[in-house]
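Chain naming here is simple, since letters A, B, ... match the order of the sequence lines and numbering starts at 1 in each.
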There are 2 protein chains.
Amino acid sequence: MATSNKQKQGDTWQEKYQEYLLHNGLKSTVQRDLIANEFYRLKGHITAEDLHANIRKKHSSIGLATVYRTLKILASAGIAHERRFNDGFTRYEFFDPEDRHHDHIVCISCGKVEEFENDEIEELQKSVAKRYKFTMLDHKLEIYGRCNNCSTKAKNG
Amino acid sequence: MATSNKQKQGDTWQEKYQEYLLHNGLKSTVQRDLIANEFYRLKGHITAEDLHANIRKKHSSIGLATVYRTLKILASAGIAHERRFNDGFTRYEFFDPEDRHHDHIVCISCGKVEEFENDEIEELQKSVAKRYKFTMLDHKLEIYGRCNNCSTKAKNG
DNA sequence: AAGCTTATTGACAATGGCTATCAATTGAAA
DNA sequence: TTTCAATTGATAGCCATTGTCAATAAGCTT
């Protein structure tokens with residue numbers, strides 16, 4: 001095929017998705033594609049159940065198991081990242097390779113999740129891994145607390 | 001009771017434990033005390049099931065539910081800390097108030113967990129919380145990777 | 001376009017860590 | 001020792017997630 005050599009703008013998540021299916025003997029199906037698209041549309045920190053509920057509004061026949069399965073595929077393809085905070089649910093987050101790594105700050109009161117980036121922390125983690133002779137593959141930093149809104153409420157309520 | 005005024009060396013985990021029971025209308029029982037002691041003896045990052053298995057060797061009648069219940073109490077009393085890595089188990093870690101806060105570096109291959117401390121990271125986290133106007137209550141930093149042993153094996157095996 | 005092979009789907013059963021329930025037992029205050 | 005709430009072990013239940021399976025759909029090949 002005569003595709004462009006340029007990669008920078010070229011590899012959208014859709015391409016990554018199609019490529020992953022191809023290279024793994026998987027098929028593109030209407031359900032799969034629909035779920036992937038809806039996941040992309042909704043983005044941040046969604047649970048399988050929430051995504052399923054959302055899709056059900058328009059496509060009432062799609063099963064929960066298929067949503068779970070598709071999210072797993074998207075995670076394997078590097079399109080979604082699995083996140084487990086402390087509420088018993090696995091959440092999926094759209095991963096944009098253009099974005100830098102980010103961590104999370106979670107409100108234990110209202111559940112709000114904010115993202116933040118901090119290069120210094122990243123660097124310090126690398127040096128810790130080196131000190132312990134670990135090959136670092138992933139890391140997770142979560143700050144738990146109460147957001148401005150909820151701590152104000154707690155004081156006045 | 002004529003106990004010392006000094007606190008520094010005074011409050012062992014046993015005292016903390018007894019005090020917690022007292023202040024919460026809970027009773028000291030042979031099972032409870034046994035589980036607490038065994039937990040203290042084994043220390044690091046144990047699951048309820050592992051602890052139960054260990055205790056069963058000597059005291060075969062103690063039930064799993066009681067181990068779960070006791071670990072919850074120890075956590076509420078501030079004697080144990082709950083940790084959830086990514087293997088689906090809740091692990092409990094003995095908490096020594098003399099110790100500084102530490103984080104974890106986990107080998108995804110053999111499951112080894114090492115602890116580390118890093119004040120710079122701690123400080124950076126505080127500043128992040130401040131920037132987002134969060135009241136920081138807790139935080140969790142985990143580095144996932146392969147330990148020296150396992151990455152060597154991977155290369156040669 | 002039809003046939004063929006294999007992946008996929010939705011419904012639902014099963015899993016597994018953990019918690020609730022309950023009748024019997026125990027701790028400790030009176 | 002009586003009394004009564006707390007506790008225990010066994011086990012049923014919970015719930016997010018995964019496995020099973022017969023029916024169906026994708027994507028070749030001809």
Sequence neighbours left out, what passes side chain to side chain contact (heavy atoms under 4.5 Å, CB included) with A:L22? Give chain and number order.
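Per chain and number, A:L22 pairs via side chain to side chain contact (heavy atoms under 4.5 Å, CB included) with no residue.
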Which part of the nucleic acid, if any, lies within reach of [X] when heavy atoms closer than 4.0 Å are counted: base, sugar-phosphate only, or nothing?
X     : value
A:I62 : sugar-phosphate
B:T47 : nothing
A:R91 : nothing

With a distance cut-off below 6.0 Å to the six-membered ring centre and an angular limit of 45° from the axis, does A:K43 pair with A:F39 as a cation-pi contact?
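No, A:K43 does not lie over the aromatic ring of A:F39.
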Could you state the [atom1]-[atom2] distance from [X] to [N], rounded to the nearest angstrom?
X     : N      : atom1 : atom2 : value
A:Q18 : D:dG27 : CD    : C1'   : 13 Å
A:Y92 : D:dA16 : OH    : C1'   : 11 Å
A:L21 : D:dA26 : CG    : C1'   : 12 Å
B:L64 : C:dC18 : CG    : P     : 9 Å
B:D87 : C:dT15 : CG    : P     : 21 Å
A:H52 : C:dT9  : NE2   : P     : 12 Å
A:Q31 : D:dT24 : CD    : C1'   : 10 Å
B:L34 : D:dG9  : CG    : P     : 10 Å

By nearest nucleotide on DNA chain C, pick out whichever of A:R56 and B:V30 is the more 5' one.
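Checking each residue's closest nucleotide, the 5'-ward one belongs to A:R56.
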Phosphate oxygens OP1/OP2 of [N]: is one of them under 4.0 Å from a side-chain N or O of [X]?
X     : N      : value
A:T90 : D:dT17 : yes
B:T29 : D:dT8  : yes
B:Y68 : C:dC18 : yes

For B:A65 and A:A65, find the nucleotide of DNA chain D closest to each by heavy atoms; which residue's nucleotide sits nearer the 5' end?
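Comparing both residues, the 5'-ward one is B:A65.
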Between B:G25 and B:T66, which has a closest nucleotide on DNA chain D that is more 5'?
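First, find each residue's nearest nucleotide; the 5'-ward one identifies B:G25.
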Reference residue B:Y92; test side chain to side chain donor-acceptor pair (under 3.5 Å); the match among B:H81, B:E82, B:H45, B:K72
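Between B:Y92 and the candidates, side chain to side chain donor-acceptor pair (under 3.5 Å) is satisfied uniquely by B:E82.
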Heavy-atom check, side chain of B:F116 versus side chain of B:L141, under 4.5 Å:
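Touching, per the 4.5 Å side-chain cut-off.
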Side-chain-base donor-acceptor pair under 3.5 Å for B:R69 and D:dG9
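Side chain to base: pair found, below 3.5 Å.
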Can you check whether any acceptor in the base of D:dA25 is under 3.5 Å from a donor in the side chain of A:K27, or vice versa?
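Such a pair does not exist between side chain and base.
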Smallest separation among heavy atoms of B:E117 and B:H101, with atom names:
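That closest heavy-atom pairing would be CG-O, 3.5 Å.
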